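To start, the structure under review is shown below, and the notes come after it.
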There are 2 protein chains.
Amino acid sequence: MKTSQTLFNQTKLKATQARLEVTDILLKNPRPLSHQEILKKLPQNFDRVTLYRNLNWLLKNGLIHRISGEDRARYFEINHQFIQSNEKYRSSRKIAPDNHLHAHFNCQNCGKFFCLDDIHPKFKLELPPKFIFDTIELTVKGKCSRCQ
Amino acid sequence: MKTSQTLFNQTKLKATQARLEVTDILLKNPRPLSHQEILKKLPQNFDRVTLYRNLNWLLKNGLIHRISGEDRARYFEINHQFIQSNEKYRSSRKIAPDNHLHAHFNCQNCGKFFCLDDIHPKFKLELPPKFIFDTIELTVKGKCSRCQ
DNA sequence: AATTTAATGCAACATTATTGCAATAAATTC
DNA sequence: GAATTTATTGCAATAATGTTGCATTAAATT
Ligand SMILES: [Mn+2]
Ligand SMILES: [Mn+2]
Ligand SMILES: [Zn+2]
Ligand SMILES: [Zn+2]
């Protein structure tokens, strides 16, 4: 398991204690986590606004993804392009965007997200004129195994 | 254009003034609308909590869909199965669920949703053991034509 | 007509997230 | 290395969206 320090070293992005702590948590977790879930895993005194700001910074710099849950909370997941970053990325300041085209499952009861890594839908993407594409989000909704 | 009264008459669901007004707005609009957008289109004195409650009632009874936007608001769209309801549905109390498998575009700037009626992705849906499927949401994100 | 059930209106509350600003910490310049 | 500039943090206040409690009104049932 790579540490977040190792990964930051492969980029020109500046690491701070808070960024490393937050990124480490996302690296260790196989599913997207909410702000609340992340905060619980951080040291007791970690400020919640600092966490919001760090998540926004990580998002802006492409190290993580953000998805919106049915429960109005946002869930954060490591950008797997970042984990696999190599020479190609070390030379640039920004992390390359993860096309992120695997699906997620969102439990309508507990709100948790789960990665459905094997689901990669295929379709022709034609947008209306002058619409600009950024990303795709495919979410399957229902109840997770613990919530029936 | 069918009126909401006509559509309610085709079911056993009880119509009230508020339900008819809200449903009429959603029928007239080709894209999902937020609570705020709907409220603006209703008479000045329409209570915002009553709107929340009516949207929840319409959702529970399957007349509308709800999708979560990047902006943390929820957007509501008529269930097209309801519009096309016929004998098959008149006999049941509940509206048949819309599989709702067309995609939506969500503008990252203004938050608006647009229907991408022609996008119907195909993929094999295999969930982890004991997970219960309900619906699918496919959202393309980016900027709409007005927001560049 | 009396009773029960459902819907409404308003205030209070809940949750998630952002903003303002002073205090610290880190980086840069001299 | 001291001084200056820039970036980050911590805490309080504020914003946006949505739900709950409860008394009132309306509608349906007996
Ligand atoms: Mn994932
Ligand atoms: Mn639609
Ligand atoms: Zn669950
Ligand atoms: Zn837009």
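Below, chains carry the letters A, B, ... as their sequence lines are ordered, and counting in each starts from 1. Source: prediction; values computed, not measured.
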Using only heavy-atom distances, decide whether a donor-acceptor pair under 3.5 angstrom links the side-chain of B/R72 to the base of D/dG18. no
Give the nucleotide from the list C/dC10, D/dT8, C/dC21 with an atom nearest to the side chain of A/R19. D/dT8
Is there a donor-acceptor contact under 3.5 Å from the side chain of B/D71 to the main chain of B/A73? yes
Could you state the NZ-C1' distance from B/K60 to C/dA6, rounded to the nearest angstrom? 11 Å
Under a 3.5 Å distance rule, please check whether B/D134 uses its side chain to pair with a backbone N or O of A/K141 as donor and acceptor. no
Mind checking B/D71 for me? I need base, sugar-phosphate or nothing, with any heavy atom below 4.0 Å counting as a touch. nothing
Check for a donor-acceptor pair, side chain of B/H35 on one end and backbone N or O of B/R48 on the other, with a separation under 3.5 Å. yes
Using whole Å, report how far CD of B/Q36 lies from C1' of D/dA16. 8 Å
DNA chain D nearest-nucleotide lookup for B/N56 and A/R48: closer to the 5′ end is A/R48
Is any N or O donor-acceptor pair between the side chain of B/R66 and the base of D/dG18 shorter than 3.5 Å? no
Against the side chain of B/T16, the closest entry in C/dT16, D/dT9, C/dA7 is C/dA7
Rounded interatomic separation in angstrom, taking OH from B/Y52 and P from C/dC13: 18 Å
Quick check for you: among D/dC11, C/dA7, C/dG9, whose closest atom lies nearest to any side-chain atom of B/K14? C/dA7
Check every strand shown and say whether B/R74 touches a base, only sugar-phosphate, or nothing at a heavy-atom separation below 4.0 Å. sugar-phosphate
